[in-house]
Protein chains: 2
Amino acid sequence: MAGGAPRRLPTLDEVAERAGVSRSVASRALNNAPHVSRAKREAVERAVRQLGYVPNPTARALATRQTGAAALVISGEDPSIFADPFFAQVIVGASAALEEAGLHLMLCLAASERGRERVAELLRGKGADGVMLMALREDDPLAELAEQAEMPVVFGGRPVGSTPRWFVDADNTGGAREATEYLLSRGRGRVATICGRLDTEAGRARYRGYRDAMLGAGIDPLPPREADFTEAGGAAAMAALLAEHGDVDGVFAANDNMAVGALRTLREAGRAVPAEVAVVGFDDLAVARVADPPLTTVHQPITALGREMARMLVALVGGQDPTPLILPTRLVVRASA
Amino acid sequence: MAGGAPRRLPTLDEVAERAGVSRSVASRALNNAPHVSRAKREAVERAVRQLGYVPNPTARALATRQTGAAALVISGEDPSIFADPFFAQVIVGASAALEEAGLHLMLCLAASERGRERVAELLRGKGADGVMLMALREDDPLAELAEQAEMPVVFGGRPVGSTPRWFVDADNTGGAREATEYLLSRGRGRVATICGRLDTEAGRARYRGYRDAMLGAGIDPLPPREADFTEAGGAAAMAALLAEHGDVDGVFAANDNMAVGALRTLREAGRAVPAEVAVVGFDDLAVARVADPPLTTVHQPITALGREMARMLVALVGGQDPTPLILPTRLVVRASA
DNA sequence: GAGGGGACTGGTAGCGCTTCCAGTTCCAGG
DNA sequence: CCTGGAACTGGAAGCGCTACCAGTCCCCTC
């Protein structure tokens, strides 16, 4: 905004005129479609350069019925959920994959009622070529909206209670099972879990993994101790756990944030980690490496998750029918267990 | 995508026909513009409901020459810079403010050359109604592009070496000065700084704050010890600092990530914090509360920064001429100093 | 040298919406 | 009962681009 006159941008008509061709040819040259002679193609390119022409994306969108943008919708009534670095990594992956495909990324934090409405409009009014949906809760109104949308929808993680046609998820159950089995294999007999919100599929799946591992070892699993995936929630859950089961010697926390909270509570309670209580997290965020002691955790490929979601969406937009993807997790052993 | 026929969405024409009015009236009714009788307005509303009509945002954009979207561009050659939770908070603020104004948020991680090009197109081709620009480096090519763009541009933080017409920044110098003065006031005589990248204005401004405070107290400031705003960088810088100035008793780190790294190095070196060395950070991210010991740090209103950037942009898009904003910081005293 | 096919070309019809403007309707006031 | 003006209405002209299609041109083959 140089403050000068609001100069109109050159249009394709002007480019065509300057290049001495028709608008159609100019259009084809620009989209390097066939049926343009070499000479005219070059003339068009020259005209574009001279005029500093940039195609108007809106007009193009109207004509092609493609917006050139994909939306990433993050549900959840509390916008602070987004503060979880998890999403930042997803975005990095999705952004890179979309960029490759020439799509823009629209980010929708569907927290407020108003935000939800706007997502609904987006979905129903073709405001984007496709949508990636994450962090859905049980009975999330977005789920139904997505179902009805005449638009490709890829889920990141699965919604509770239904398996969408297209999704990318991490192997939550497998990862949680591996974590728990690891604790058991290290001689921990009283292993508890601080599970995430059980109104999310990730929370449930990770609890299932814990339970499966316990049952597999012939030990009664403890009932789920639910927390909200935050550090504070993890700390509180750990405190409650100590109060009820003072003899616990291993904890699988369903994400790193809660694990870090648990570490804090244990430290404050004077319990040595891992000597007295071993702790395993889930996610392998940056915080896991920095925690004290460094956190043993289940690594999930978060950036890849974003990338694959975007790729799946791109395939869908391109008329293909990709298959859902479940990404592998792996245990990263550090000092806390 | 129910898999059914790709049913065409109802258009305004159909709404108008059904309501028994002309397209113009229907349009006006929808945008609740004047010159529509009550009866027709209601008829239109009814038709909209019956048909499940949603205006096509692309067509609207073409006609109004407004895209209804604002872009947030985060520069930096390394996309992992985005992993800094700082940006997540900015996004939360910006998203909320844009939502209020009815604008969508496009997120551009301008890391690769390709990404940069796409931003350039966005800027020159009116792909958005306005742009928020962050994390510019010295000689960032984006700066010039923004200058030439016929489009409102708001800077988050200031680019090195120039003061843009519209920006929102935190009081970096003031905050850094306060942090350093606090260390000095607690009897620390050998205060060093781990400063951020000096090819960013934030890095420079915070170093200036440190230097000013030192000079104000009549003490020679140490030369800037540059790190890259990451935890690993902070840890390395702290190690180097200990090697060169073993008697340091206070450290001001230019952000929390580096401060946490410094804490780790100090712990590993067996230096007690704050007894032997006091540490102060900058940002007041979540990690500061969780650090061991909890980090004394300079709080900056990051969400507000995002919010105010967006508001400024909205004002600009609306034809107003807002004034730049410098947001206050404040020292949050915890255990590390 | 005529016929045929393929590579180009440009006119034209949209895409779905807003907005200008000329025309119509409706009342209050004269 | 007529007039003037305000409120309302709808036809039509775009916004800038793509895409279909009929037409032109060139060159190769029989």
Side-chain angles (χ1 to χ4, degrees), chain A residues 6-44 47-48 51-69 102 121-122 124-129 150, chain B residues 6-44 47-48 51-69 102 121-122 124-129 150:
Chain A
R7 187 173 75 246
R8 221 173 43 70
L9 294 170
T11 72
L12 187 56
D13 273 312
E14 297 168 47
V15 170
E17 191 186 358
R18 178 152 202 144
V21 302
S22 78
R23 179 169 59 241
S24 320
V25 172
S27 172
R28 263 176 261 140
L30 256 120
N31 299 299
N32 45 47
H35 304 308
V36 181
S37 67
R38 192 187 171 75
K40 302 221 166 182
R41 194 178 293 271
E42 278 166 8
V44 170
V48 164
L51 260 41
Y53 170 78
V54 181
N56 180 319
T58 306
R60 184 179 295 207
L62 185 59
T64 60
R65 293 131 173 279
Q66 301 225 46
T67 63
E121 269 175 30
L122 198 76
R124 297 179 36 225
K126 298 242 195 286
D129 293 344
E150 307 265 335
Chain B
R7 188 173 73 246
R8 220 174 44 69
L9 295 170
T11 72
L12 188 55
D13 272 315
E14 298 169 47
V15 170
E17 192 186 355
R18 177 150 202 146
V21 303
S22 77
R23 178 165 62 239
S24 325
V25 173
S27 172
R28 263 176 259 139
L30 257 124
N31 300 297
N32 44 48
H35 302 310
V36 182
S37 66
R38 189 186 174 77
K40 302 220 167 183
R41 193 178 295 270
E42 277 167 7
V44 170
V48 163
L51 261 41
Y53 169 79
V54 182
N56 180 318
T58 308
R60 184 179 294 207
L62 185 59
T64 60
R65 294 131 172 281
Q66 301 227 44
T67 63
E121 268 176 30
L122 198 76
R124 297 179 36 226
K126 297 239 195 290
D129 294 343
E150 307 265 334

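All values below were derived from every heavy atom in this structure, side-chain atoms included, with hydrogens, water molecules and symmetry-related copies excluded. By convention in this document, chain letters (A, B, ...) are assigned in the order of the sequence lines, proteins followed by strands, and residues within each chain are numbered from 1.
Annotation for A/G127 and B/P57: closest pair CA-CG, 3.8 Å, computed over non-hydrogen atoms.
Side-chain atoms of A/V15 and A/V44, non-hydrogen and from C-beta on, do get closer than 4.5 Å to each other. Side chains of A/L9 and A/V54 form no contact here, defined as non-hydrogen atoms less than 4.5 Å apart.
Listed by chain and residue number, nothing satisfies the side chain to side chain donor-acceptor pair (under 3.5 Å) test with A/Q66 (two or more places apart in sequence, or in another chain). Residues meeting the salt bridge (Lys or Arg N to Asp or Glu O under 4.0 Å) test with B/E121, sequence neighbours left out: none. Contacts of B/P55 classified as side-chain contact (heavy atoms from CB on, under 4.5 Å), with partners at least two apart in sequence or in another chain: B/L30, B/Y53, B/R60.
Atoms CG and OG1, on A/D129 and A/T64 in that order, are 7.5 Å from each other to the nearest 0.5 Å.
For the segment residues 23-30 of chain B, residues with any heavy atom less than 4.0 angstrom from an atom of DNA chain D are, sorted by number, B/R23, B/S24, B/V25, B/R28.
Taking a heavy-atom distance under 4.0 Å as the criterion, the stretch of DNA chain C touched by chain A extends 5' to 3' from C/dC8 to C/dG16. In summary, contact between chain A and DNA chain D, defined as any nucleotide atom under 4.0 Å from a heavy atom of the protein, begins and ends at D/dG16 to D/dA19 in the 5' to 3' direction.
Remark on the helix from C/dG1-D/dC30 to C/dG30-D/dC1: inter-end axis angle 50°, axes from five-pair C1' superpositions, rounded to 10°.
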Side chains of residues 16-23 of chain A: which donor-acceptor pairs under 3.5 Å do they make with residues two or more places apart or in other chains?
from: A/R18; atom 1: NE; to: A/Q50; atom 2: OE1; distance (Å): 2.7
from: A/R18; atom 1: NH2; to: A/Q50; atom 2: OE1; distance (Å): 3.2
from: A/S22; atom 1: OG; to: A/S24; atom 2: N; distance (Å): 3.3
from: A/S22; atom 1: OG; to: A/V25; atom 2: N; distance (Å): 3.4
from: A/R23; atom 1: NH1; to: A/D13; atom 2: OD1; distance (Å): 2.5
from: A/R23; atom 1: NH1; to: A/D13; atom 2: OD2; distance (Å): 3.1

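Panel note: side chain B/K126, backbone B/T67; no donor-acceptor pair is recorded below 3.5 Å.
Mapping B/A59 and B/K40 onto DNA chain D via the closest heavy atom, the residue that lands nearer the 5' end is B/K40.
Residue pairs that meet the salt bridge (charged side-chain N to carboxylate O under 4.0 Å, His left out) test with at least one member in residues 28-43 of chain A, sequence neighbours left out, are A/R38-A/E42.
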